[in-house]
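Following: one structure in structure tokens, then a few remarks.
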Amino acid sequence: MSQIEFITIIQKMLMLVLELIAPVLLVSVVVGLAISIFQSVTQIQESTLTFVPKIFAALLTLMLLMPWMLEVYITSVQDLFSHLSNVI
């Protein structure tokens, strides 16, 4: 296995991780921004007010998108293993 092939495999796996985690991060950022705006308007400075809703939003997003995430992950791993025999 050459260095280019190894770097390509690592790059594909890192892109897979980014693809799978992006929806959860995006939802957490949007919820955090909405809560920050609410806090600045009402002048409530409670730290748990930002933390707990972001966790619930992330968990809800994971529950809703888990079938899609699992399908993308399994497909990517199967592609990796099928191409791995050609590389080795």
For [X], what residues pass the side chain to side chain contact (heavy atoms under 4.5 Å, CB included) criterion, not counting sequence neighbours?
X	value
Leu60	Met63, Leu64
Ala58	Val24, Ser28
Ile55	Phe51, Leu59
Ser36	none

Is there a path of hydrophobic side-chain contacts, each under 4.5 Å between heavy atoms, that joins [X] and [Y]?
X	Y	result
Ile21	Val29	no
Ile10	Met13	yes
Leu26	Leu18	no
Phe81	Phe6	yes

Hydrophobic cluster mates of Ile44, side-chain heavy atoms under 4.5 angstrom, ILVMFWY only, any path?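 Val27, Val31, Ile35, Phe38, Leu49, all in the cluster of Ile44.
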Which other residues end up in the same hydrophobic cluster as Leu33, if Ile, Leu, Val, Met, Phe, Trp and Tyr are linked when side-chain heavy atoms come under 4.5 Å apart?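 Cluster partners of Leu33: Ile37, Val41.
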Interatomic spacing from [atom1] in [X] to [atom2] in [Y] - rounded to 0.5 Å:
X	Y	atom1	atom2	value
Leu80	Leu16	CG	CG	9.5 Å
Thr61	Leu25	OG1	CG	10.0 Å
His83	Thr8	NE2	OG1	11.5 Å

Do other residues, nucleotides or ligands put more than 12 heavy atoms under 6.0 Å from the CD atom of Gln3? no
Any chance CE of Met15 has more than 12 other-residue heavy atoms, nucleotides or ligands included, within less than 6.0 Å?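 No.
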Show every donor-acceptor pair shorter than 3.5 Å between a side-chain atom in residues 68-75 and any protein atom, with sequence neighbours excluded, or say none if there are none.
residue : atom : partner : partner atom : Å
Thr75   : OG1  : Glu71   : O            : 2.8

Could I get the full list of side chain to side chain donor-acceptor pair (under 3.5 Å) partners for Glu46, not counting sequence neighbours? Thr48
Decide yes or no for Leu84 and Ile9: does some side-chain heavy atom of the first lie under 4.5 Å from some side-chain heavy atom of the second? yes
